[in-house]
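Here is the structure we will look at, set down as structure tokens.
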Amino acid sequence: MRGKFISFEGGEGGGKSTQAARLAGFLRSKGLDVIETREPGGTQQGEDLRDLLVQGDPDRWLPLSELLMMTAARVEHVHRLIEPALAAGKWVICDRFMDSTLAYQGIAGGLGLTMVGQLQEQAVGKAVPDVTFLLDVRAEAGLKRAATRGGAARFEKKGASFHQTLRDGFLAIANENPERIVVVDAEDSFEAVWGQIEQEMGRRFKL
Ligand code: TMP
């Protein structure tokens, strides 16, 4: 049987990576074969592109260049790792996926959802997530949290109005996809956020 595909999305500092790791542990405890991966990244090609994308000045790349590189990383990821894993019955948990491109490049970057959406359809094919957890956090609170973490900071430096538009953009995308995207208040405690994820996973997949 084909495995399930779960993505985590949201702005900076929402705690996606920690919750994704917790979910992976939970699924493994149920005896499932789980792959944890991330975007941009997940393959050597994707990680090479990630180095170019997440470091340096905020204006290092134009939104259209970002879109093409993010999407190139995704094509490699879907074809080399995600699709084969799902076909082999594995569960795939991805820290960011296509909704990040819609929100960061399409909405906050100003490229619009039509062209960006069409390109994503080409890139992902059948590999649309079965469920997406949107960890929603106010832009300012998230950026504060992200700053204490260090690391990949190029997008964090894009300014308050970019991040406010980004948050609204993610919520608008969730609104358009109410079946697939579950919005979770990420300003709640770690345990409260995890509780919502666990409950939703149980409801959807009878775990
Ligand atoms: P992160 O995985 O540590 O959050 O860093 C990845 C950065 O790349 C993050 O700031 C969001 C950004 N990004 C995009 O702008 N578009 C995309 O499609 C993806 C996957 C990430």
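One-based numbering, in listed order, for ligands and for the atoms of each. FYI, the numbering just counts along the sequence from 1.
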Basic-acidic side-chain contact under 4.0 Å: Glu191, Arg22: yes
For Glu39, the ligand 1 atoms whose distance to one of its heavy atoms is below 4.0 Å: 2 (O), 20 (C)
Enumerated ligand 1 atoms positioned under 4.0 Å from heavy atoms of Arg74: 18 (O), 20 (C)
Same cluster (ILVMFWY, side-chain, under 4.5 Å), Ile107 and Phe162: yes
Polar contact flag for Arg96 and ligand 1 (N/O pairs, less than 3.5 Å): yes
Numbered atoms and elements of ligand 1 in range of Thr101, under 4.0 angstrom, heavy atoms: 17 (C), 18 (O)
Salt bridge present between Arg154 and Glu66 (N-O < 4.0 angstrom): yes
Atom indices of ligand 1 within 4.0 angstrom of Gln105 heavy atoms, with elements: 14 (C), 15 (O), 16 (N), 17 (C), 18 (O)
Within reach of ligand 1, part of Pro40 (heavy-atom separation under 4.0 Å): both
Pair Glu156 + Arg149, salt bridge at N-O below 4.0 Å: yes
Electrostatic pair Glu47:Arg38 at N-O distance under 4.0 angstrom: yes
Shortest heavy-atom approach to atom 1 (P) of ligand 1 - which of Glu12, Met70, Arg50, Met69: Arg50
Side chain to side chain donor-acceptor pair (under 3.5 Å) between Arg180 and Thr132, worked out: CA-CA 6 Å; Arg180 175 173 65 85; Thr132 297; 2.8 Å; yes
